[in-house]
Asks: 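Okay, handing you the structure first.
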Amino acid sequence: MRVGIAGVGWFGFQPEIVDYSFREMVFKAAQRAYEDAGGLDPRRDADAFISCQEDFWEGISISDEFAPDQLGGAMKSVYTVTGDGLQCVGQASMMIKSGLFDVVVVESHGKPSDIATLNDVMFTATDPISVRPLGLENVHAVAALEARSYMSKYGVSEDHLDAVVEKAHEAGLRNPRAVYASLDRKRSSTPVVADPLREADIARFVDAAVVVVLASERVIRDYTDAPVWVDGAWWSTEISTLELHDWSFPVHAREAADGAYAQAKIADPAKEVGFAEVDNRYSFKELQHIEALRLAPRGTAKDLLADGAFCPGGRLPVNLSGGALAEGVPLEVHGLARLSYAVGVMRGEIKAEVDRADVAVVHSWRGVPTTTSAVTVLRL
């Protein structure tokens, strides 16, 4: 049984939303998603709801208790996943393919502007034996270690990071959600945060909520005439221990991609995928993730980028949205942010320079200090 996307709605993507609580943000996104799904009535039509969020960020114990009401899921089956929103898409797909559910609503929300000590909160998640005792000034130093390892092994220079940042901001200028996009933001003119990472290499945070309605092929035409099919969905968590972790290559992203491609029957993603939305919350991560998703052989993403292959209008555009560097990171919403933009491009609602919009791959990573990636393959 195929699973398709019947509706998508989002709200926010601003550095700080002061007029709405996270519950009100989810309500707004849900309203838009249900309208997009042909006026779907969640109380009548939805069989289950999934909330992808993390108590760690919320600062509220058992924060999933706040999920049902604003989604229209009170007194109905509501499931929660402590992970990125793209993992919820995989969960929803499995539920629908089981035959027990026809319509499943997925939500994720993030309000980092409410977190007063974000750097300290992120440090709390790091390894208490091998990382926290180092007394690093900021958690981005962990990513800097990965950046230096990757750059050293594959000959990636800071000029290549300049190119990633420039591409992200140029693409983001076409994306109304990309509040941080600016051609005046030159990487080399921003201060070093943790060598080799400069301020412009690191995506900033935004408040946002995204809701996605998924449905079985049996009922999806009741809600949309143009479904986008989820033909593959997989996620993977790699070991994060310093002694065993591969600092130069995201094994978790490769494993997630291989699982999604196998489901979607994609043998050569570099040739079969039309465009991609991948995690680029750090500039070097875009190159890493392109290679992990088999969109380029290891060590070659920098050269293909220089040739324009991943730019708008290129052979395989990557992050037509500008990605997190332009849009910002809304915590666990990041995967659904990438997904919602890809769906807009595939439907033709977002004008984008892409030759083939029939097959897309969407990737998310939960960020430092995690080693969890999720990958979804979309097809018209």
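Remember, predicted model here, so these are calculated numbers, not experimental data.
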Asks: I'd like to check the side-chain contact (heavy atoms from CB on, under 4.5 Å) partners of Asp159; sequence neighbours left out, ordered by chain and number.
Replies: Ser157, Asp162
Asks: Residues in ring-ring contact (aromatic ring centres under 6.0 Å, His included) with Phe27, at least two apart?
Replies: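 Applying ring-ring contact (aromatic ring centres under 6.0 Å, His included) to Phe27 gives none.
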Asks: Please list, chain by chain and in numerical order, all residues satisfying ring-ring contact (aromatic ring centres under 6.0 Å, His included) with Trp235, sequence neighbours excluded.
Replies: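 Testing Trp235 for ring-ring contact (aromatic ring centres under 6.0 Å, His included), a comparison that skips the adjacent residues, returns none.
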Asks: Counting distance only, does the side-chain N/O of Ser93 pair as donor-acceptor with the main-chain N or O of Val89 below 3.5 Å?
Replies: yes
Asks: Stepwise, does the side-chain contact (heavy atoms from CB on, under 4.5 Å) test hold for Ile5 with Val213?
Replies: CA-CA 6 Å; Ile5 295 171; Val213 179; over 6 Å; no
Asks: Output yes when a side-chain donor or acceptor of Glu35 lies under 3.5 Å from a complementary backbone atom of Gln31, and no otherwise.
Replies: no
Asks: Taking the side chain as C-beta and beyond, is there a heavy-atom pair between Trp10 and Val333 under 4.5 Å?
Replies: no
Asks: Using the test side-chain hydrogen bond (donor to acceptor under 3.5 Å, both in side chains), find all partners of Gln288 that sit at least two apart in sequence or belong to another chain.
Replies: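 Here the qualifying residues are Lys285.
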Asks: Does Val368 share a hydrophobic cluster with Leu325, counting links as ILVMFWY side-chain heavy atoms below 4.5 Å and allowing steps through other members?
Replies: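 Per the 4.5 Å side-chain linkage, Val368 and Leu325 are co-clustered.
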Asks: According to side-chain contact (heavy atoms from CB on, under 4.5 Å), who are the partners of Ala257, at least two apart in sequence or on a separate chain?
Replies: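 Residues passing side-chain contact (heavy atoms from CB on, under 4.5 Å) with Ala257: Tyr261, Leu293, Val375.
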Asks: Only pairs at least two apart or in different chains count here, so list each ring-ring contact (aromatic ring centres under 6.0 Å, His included) that has a residue in residues 140-174.
Replies: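 As it turns out, the ring-ring contact (aromatic ring centres under 6.0 Å, His included) pairs with a partner in residues 140-174, which skip direct neighbours, are His140-Tyr282, Tyr150-Tyr154.
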Asks: Nearest 0.5 Å please: distance from the CG atom of Leu295 over to the CG atom of Leu304.
Replies: 10.0 Å
Asks: First locate atom CG of Leu86, then atom SG of Cys52, and finally report the distance between them rounded to the nearest 0.5 Å.
Replies: 9.0 Å
Asks: For a 4.5 angstrom cut-off between non-hydrogen side-chain atoms, does Arg204 reach Pro15?
Replies: no
Asks: Within the structure provided, determine whether Tyr34 and Leu71 are in side-chain contact (heavy-atom separation under 4.5 Å).
Replies: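 Tyr34 reaches Leu71 side chain to side chain.
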Asks: If we only count heavy atoms from C-beta on, is the Val361 to Thr376 side-chain gap below 4.5 Å?
Replies: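 No - every pair of side-chain heavy atoms lies 4.5 Å or more apart.
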Asks: Is the shortest heavy-atom distance from the side chain of Leu197 to the side chain of Phe284 under 4.5 Å?
Replies: yes
Asks: Quick one: do Tyr223 and Val103 satisfy side-chain contact (heavy atoms from CB on, under 4.5 Å)? Show the steps, please.
Replies: CA-CA 10 Å; Tyr223 308 108; Val103 177; 3.9 Å; yes
Asks: Begin from the C-alpha positions of Arg23 and His109 and carry the test side-chain contact (heavy atoms from CB on, under 4.5 Å) through to its verdict.
Replies: CA-CA 9 Å; Arg23 285 167 286 180; His109 61 269; over 6 Å; no
Asks: Which hydrophobic side chains are connected to Val251, either touching it within the sub-4.5 Å cutoff or through other members that do?
Replies: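 Taking Ile, Leu, Val, Met, Phe, Trp and Tyr as members, Val251 shares its hydrophobic cluster with Phe249.
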Asks: Would you check, one step at a time, whether the test salt bridge (Lys or Arg N to Asp or Glu O under 4.0 Å) holds for Asp201 with Arg187?
Replies: CA-CA 7 Å; Asp201 290 309; Arg187 176 184 176 275; 2.7 Å; yes
Asks: Would you say Phe49 and Met94 are hydrophobically clustered, going by side-chain heavy atoms of ILVMFWY under 4.5 Å?
Replies: no
Asks: Could you tell me whether a side-chain N or O of Arg254 sits under 3.5 Å from a main-chain N or O of Glu291, the two making a donor and an acceptor?
Replies: yes
Asks: Under 3.5 Å, side chain of Arg338 to main-chain N/O of Val278, donor-acceptor pair present?
Replies: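 No.
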Asks: Can you confirm whether the side chains of Trp234 and Gln263 place a donor and an acceptor under 3.5 Å from each other?
Replies: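 Their side chains do not contain a donor-acceptor pair, so the 3.5 Å distance test is not met.
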Asks: Taking only residues two or more places apart in sequence or in another chain, which ones pass side-chain hydrogen bond (donor to acceptor under 3.5 Å, both in side chains) with Arg218?
Replies: Asp102
Asks: Do Ser321 and Asn175 get their side chains close enough for a donor-acceptor pair, meaning under 3.5 Å?
Replies: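 No - no donor-acceptor pair under 3.5 Å links their side chains.
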Asks: Enter the distance from Ile17:CD1 to Glu24:CD here, rounded to the nearest 0.5 Å.
Replies: 10.5 Å
Asks: Please determine whether a side-chain nitrogen of the Lys or Arg among Asp36 and Arg347 lies less than 4.0 Å from a carboxylate oxygen of the Asp or Glu.
Replies: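 Between Arg347 and Asp36 there is a salt bridge, with a charged N closer than 4.0 Å to a carboxylate O.
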Asks: Mind checking what makes side-chain contact (heavy atoms from CB on, under 4.5 Å) contact with Ala326, not counting sequence neighbours?
Replies: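 Scan of Ala326 (side-chain contact (heavy atoms from CB on, under 4.5 Å), adjacent residues dropped) gives Ala178, Ala181.
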Asks: Do Asp279 and His334 have a side chain donor and acceptor closer than 3.5 Å?
Replies: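 Yes, His334 and Asp279 have a side-chain donor paired with an acceptor closer than 3.5 Å.
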Asks: Taking the basic N atoms (NZ, or NE/NH1/NH2) and the acidic carboxylate oxygens, is any pair closer than 4.0 Å for Asp258 and Arg294?
Replies: yes
Asks: According to side-chain hydrogen bond (donor to acceptor under 3.5 Å, both in side chains), who are the partners of Asn119, at least two apart in sequence or on a separate chain?
Replies: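 Asn119 satisfies side-chain hydrogen bond (donor to acceptor under 3.5 Å, both in side chains) with no residue once adjacent residues are dropped.
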Asks: Is a donor on one side and an acceptor on the other found under 3.5 Å between the side chain of Thr126 and the backbone of Met122?
Replies: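 Checked: no pair found.
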Asks: Mind jotting down which residue pairs meet the side-chain hydrogen bond (donor to acceptor under 3.5 Å, both in side chains) criterion with at least one end in residues 295-310? Sequence neighbours excluded, please.
Replies: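 Those involving residues 295-310 do not exist here.
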Asks: Out of curiosity, does Met1 fall in the hydrophobic cluster containing Ile220 (side-chain heavy atoms, cut-off under 4.5 Å, transitive links)?
Replies: no
Asks: Is it the case that more than 12 heavy atoms not belonging to Arg43 sit under 6.0 Å from its CZ atom?
Replies: no
Asks: Check this for me: does any side-chain nitrogen of one of Arg2 and Glu217 sit under 4.0 Å from a carboxylate oxygen of the other?
Replies: no
Asks: Kindly compute the distance separating CG (Asn138) from CD1 (Ile202), expressed to the nearest 0.5 Å.
Replies: 7.0 Å
Asks: Assess the residue pair Leu339 and Glu277 against the criterion (side-chain contact (heavy atoms from CB on, under 4.5 Å)); give the C-alpha distance rounded to whole Å, side-chain angles, the decisive distance to 0.1 Å, and a yes or no.
Replies: CA-CA 7 Å; Leu339 179 85; Glu277 285 284 321; over 6 Å; no
Asks: Going from CZ on Arg32 to NZ on Lys28, what distance comes out if it is rounded to the nearest 0.5 angstrom?
Replies: 7.0 Å
Asks: Could you state whether Val362 and Val8 fall into the same hydrophobic cluster, counting links through intermediate Ile, Leu, Val, Met, Phe, Trp or Tyr residues with side-chain heavy atoms under 4.5 angstrom apart?
Replies: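 Linked, Val362 and Val8 end up in one cluster.
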Asks: Taking everything shown except Asp41 itself, do over 12 heavy atoms lie less than 6.0 Å from its CG?
Replies: yes
Asks: Would you give the length of the straight line joining atom OG of Ser216 to atom CG of Leu100, rounded to the nearest 0.5 angstrom?
Replies: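 Nearest 0.5 Å value for the OG-CG distance: 11.5 Å.
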Asks: Check whether any side-chain heavy atom of His289 sits under 4.5 Å from a side-chain heavy atom of Pro250, and report yes or no.
Replies: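 Heavy-atom side-chain distance check passes, below 4.5 Å.
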Asks: Who are the side-chain hydrogen bond (donor to acceptor under 3.5 Å, both in side chains) partners of Arg315, not counting sequence neighbours?
Replies: none
Asks: Going by heavy atoms in the side chains, are Val106 and Val211 under 4.5 Å from each other?
Replies: no
Asks: Under 4.5 Å between any side-chain heavy atoms of Trp247 and Val142, yes or no?
Replies: yes
